[in-house]
Number of protein chains: 2
Amino acid sequence: MFKKILVAEDIESINQGVHSILERLQVQHISHAQYCDDALLRIKRAIYDKNPFELLICDLSFKKDHRNVTLSSGQELIALLKKEQPNLKIIVFTIEDHPQIASTLINDCEVEGYVLKNRKGLAELEEAIKKVAQNKSYISPQLATTLKRNNLVVLPEYEIQLLTHLANGLTQDQIELHFKKQGITPNSRSAIEKRLKDLRDDFNAQTTVHLVTIVKDLQLI
Amino acid sequence: MFKKILVAEDIESINQGVHSILERLQVQHISHAQYCDDALLRIKRAIYDKNPFELLICDLSFKKDHRNVTLSSGQELIALLKKEQPNLKIIVFTIEDHPQIASTLINDCEVEGYVLKNRKGLAELEEAIKKVAQNKSYISPQLATTLKRNNLVVLPEYEIQLLTHLANGLTQDQIELHFKKQGITPNSRSAIEKRLKDLRDDFNAQTTVHLVTIVKDLQLI
DNA sequence: ACATCCCTTACGGAAATCCGTAAGGGATTG
DNA sequence: CAATCCCTTACGGATTTCCGTAAGGGATGT
């Protein structure tokens, strides 16, 4: 079992719940951070002290308050940490069940666990901690099944840019111009139209407005 | 102070936190419901038993699981309850800080309290319970300030329909036709165009796609 | 080399949207 | 009653988007 764990989570009542589990698992050093910035500092400090954390249990969304923070989300924190301390195990503990977001963290950021805060969340978290301590990984069952069958759509960077510009109010002419300035290809009017047509087909969108709302709902842009 | 309180909340660790507060406030009867349907049943039953609840502390979002539920959100529950037991006090305790949603609950559904689950959430909840027990109302400070200055936009039903149809892939021609069938006026092509132009101006949208993404982000549709 | 495939670009016409103007019809007000 | 205001509708032209066709170029395979 882990000896030194950091919990990054801003809601106190959930912190209490997590803490009680860690105590039951007889974790010796339990630290808490209510801000992402704090979490990063503590982890850096622990490395400097030659006594690094072994596991981070991390929420994704942190409420803003009066404090100025540079890291506002768990995603940013995790992305940094994988450079700072690659051997640090990470379990995401969040209410966020959107497959797109979970998939990015699991596959790209390579977190070791992803646990949903639901009715049985704490029990699952305990399970996850045990698994990860054995060098296995853990993903909440509901999420695991949807991730498997849900053949996730990942939009290529080009399509993301195209749709984002549309959503932000650029006309196709403006996008063509912009792509030419930035050296992004293809940038002809024709190609842009064709991509949009293909995307409409792919997503069964009747109009371009429809298309943009669909990809926004799917959080692809 | 209240003697009989129901807590509708699906995440166990938060339930624990709320429970500990209610105990400190020496509430005699504390009930919990992990599903909206359960909450409704318990409240009805309590009325039938001539021993109704005095206060409901209610989350908004409830995770779906294997159980079939008819009420899937706190909003639906609250809307029903205000008919079922008009004198029941309600405090919303949620992570949802979108002013649009909060405003609807506070002004339309007339809940007595709206507390955000943030770093000081439990302390605020305690404060709210005390206030509401004195027939006052309570709104989380952060929210209260934004609600005041944020001169909330409320879109008339007609505009909501128009934009929703656009977002769902109808062309302006199809919308004109649809409005005529439904007897919704104005339904001329011209009027539809004019409304969209006005809306684009109101929201500083460059294009119609832009407009739709803006109102979707604001959760106006 | 040649054929094939895939992608980009170009072009032209159809369709949809955008925009301004103007006419008509209620409601309000002097 | 007349004047005014506001909204709806109609219409025409400009702009934008949509769609099909075709030409050109690079990569791959035979």
Side-chain angles (χ1 to χ4, degrees), chain A residues 151-218 220-221, chain B residues 151-218 220-221:
Chain A
N151 44 17
L152 287 182
V153 206
V154 263
L155 238 36
E157 179 59 24
Y158 179 84
E159 271 76 4
I160 292 178
Q161 287 213 25
L162 178 53
L163 292 168
T164 304
H165 285 137
L166 271 187
N168 288 338
L170 298 197
T171 66
Q172 294 180 18
D173 281 335
Q174 292 170 328
I175 295 175
E176 172 180 0
L177 220 61
H178 180 260
F179 278 176
K180 280 181 173 148
K181 270 187 194 163
Q182 305 280 321
I184 298 171
T185 56
N187 53 34
S188 75
R189 189 58 202 284
S190 242
I192 291 175
E193 288 175 358
K194 181 157 172 34
R195 294 295 169 113
L196 285 175
K197 162 131 187 61
D198 291 344
L199 286 168
R200 282 195 301 273
D201 289 346
D202 289 347
F203 289 98
N204 282 320
Q206 312 299 318
T207 65
T208 299
V209 177
H210 193 194
L211 171 65
V212 171
T213 68
I214 289 173
V215 295
K216 264 195 78 77
D217 281 344
L218 293 173
L220 296 173
I221 62 171
Chain B
N151 44 17
L152 287 183
V153 205
V154 264
L155 240 33
E157 179 59 23
Y158 179 84
E159 272 74 5
I160 292 178
Q161 286 212 27
L162 178 52
L163 291 168
T164 304
H165 286 137
L166 271 187
N168 288 337
L170 298 196
T171 65
Q172 294 180 17
D173 282 334
Q174 291 170 330
I175 295 175
E176 172 180 1
L177 221 61
H178 179 259
F179 279 176
K180 280 180 173 149
K181 270 187 193 163
Q182 304 279 322
I184 298 171
T185 56
N187 53 34
S188 75
R189 188 57 202 285
S190 241
I192 291 175
E193 288 175 358
K194 181 154 171 37
R195 293 296 170 113
L196 285 175
K197 162 131 186 61
D198 291 344
L199 286 168
R200 281 195 302 273
D201 290 345
D202 290 346
F203 289 98
N204 282 319
Q206 313 300 318
T207 65
T208 299
V209 177
H210 194 194
L211 171 65
V212 172
T213 68
I214 289 173
V215 295
K216 264 195 77 79
D217 281 344
L218 293 173
L220 297 173
I221 62 170

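In what follows, chains are A, B, ... by sequence order, proteins preceding strands, each numbered from 1.
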### Query
Atom CD1 in A:I175, atom CG in A:L196: separation rounded to 0.5 Å?
7.0 Å

### Task
Output every pair passing salt bridge (charged side-chain N to carboxylate O under 4.0 Å, His left out) with a member in residues 160-169 of chain A, not counting sequence neighbours, ordered by first then second residue.
none

## Note on the structure
B:I192 atom CD1 is separated from D:dT8 atom P, nearest whole Å, by 11 Å

I'd like a table of donor-acceptor pairs (distance under 3.5 Å, sequence neighbours excluded) in which one partner is a side-chain atom from residues 207-215 of chain B, with atom names and distances.
from	atom 1	to	atom 2	distance (Å)
B:T207	OG1	B:H210	N	3.1
B:T208	OG1	B:R200	NH1	3.1
B:H210	ND1	B:Q206	N	3.1
B:T213	OG1	A:A167	O	3.0
B:T213	OG1	B:H210	O	2.8

### Summary
Applying side-chain hydrogen bond (donor to acceptor under 3.5 Å, both in side chains) to B:N204 and not counting sequence neighbours gives none

### Query
Considering only heavy atoms from C-beta outward, does the side chain of A:L220 approach that of A:L163 to under 4.5 Å?
no

### Task
Not counting sequence neighbours, which residues clear side-chain hydrogen bond (donor to acceptor under 3.5 Å, both in side chains) with A:T164? List them please.
none

### Summary
What residues 181-188 of chain A contributes to the DNA chain C interface at heavy-atom separation below 4.0 Å is A:P186, A:N187, A:S188

### Contact state string [nucleotides 12-28 of chain C, B base, S sugar-phosphate only, - no protein heavy atom under 4.0 Å]
-----BBBS--------

### Query
Rounded to the Å, how far apart are A:E159 CD and C:dC7 P?
11 Å

### Query
Between D:dC19 atom P and A:K194 atom NZ, what is the distance in whole Å?
12 Å

### Summary
With sequence neighbours left out, the residues meeting salt bridge (Lys or Arg N to Asp or Glu O under 4.0 Å) with A:D198 are A:K194

Show me, pair by pair, the donor-acceptor contacts under 3.5 angstrom made by side chains of residues 152-162 of chain B, not counting sequence neighbours?
from	atom 1	to	atom 2	distance (Å)
B:Y158	OH	B:P186	O	2.6
B:E159	OE2	B:R195	NH1	2.9

### Task
Quickly work out the A:E176 CD to C:dA10 C1' distance and round it to whole Å.
11 Å

### Task
Compute the angle between the rotation axes at the two ends of the helix from C:dA1-D:dT30 to C:dG30-D:dC1, each taken over five pairs, rounded to 10 degrees.
10°

### Summary
Here the distance between atom C1' of D:dT17 and atom CZ of A:R195, to the nearest Å, is 18 Å

### Query
Please give, in whole Å, the distance from D:dT17 P to A:H210 NE2?
19 Å

### Task
Check side chain to side chain contact (heavy atoms under 4.5 Å, CB included) between B:S190 and all other residues, then give those that pass, not counting sequence neighbours.
B:S188

I'd like a table of donor-acceptor pairs (distance under 3.5 Å, sequence neighbours excluded) in which one partner is a side-chain atom from residues 176-183 of chain B, with atom names and distances.
from	atom 1	to	atom 2	distance (Å)
B:E176	OE2	B:K180	NZ	2.8

### Query
Rounding to a whole Å, what distance do you find between A:L162:CG and D:dC18:C1'?
14 Å

### Task
Report the residues that fulfil salt bridge (Lys or Arg N to Asp or Glu O under 4.0 Å) with B:R189, sequence neighbours left out, ordered by chain and then residue number.
B:D173, B:E193

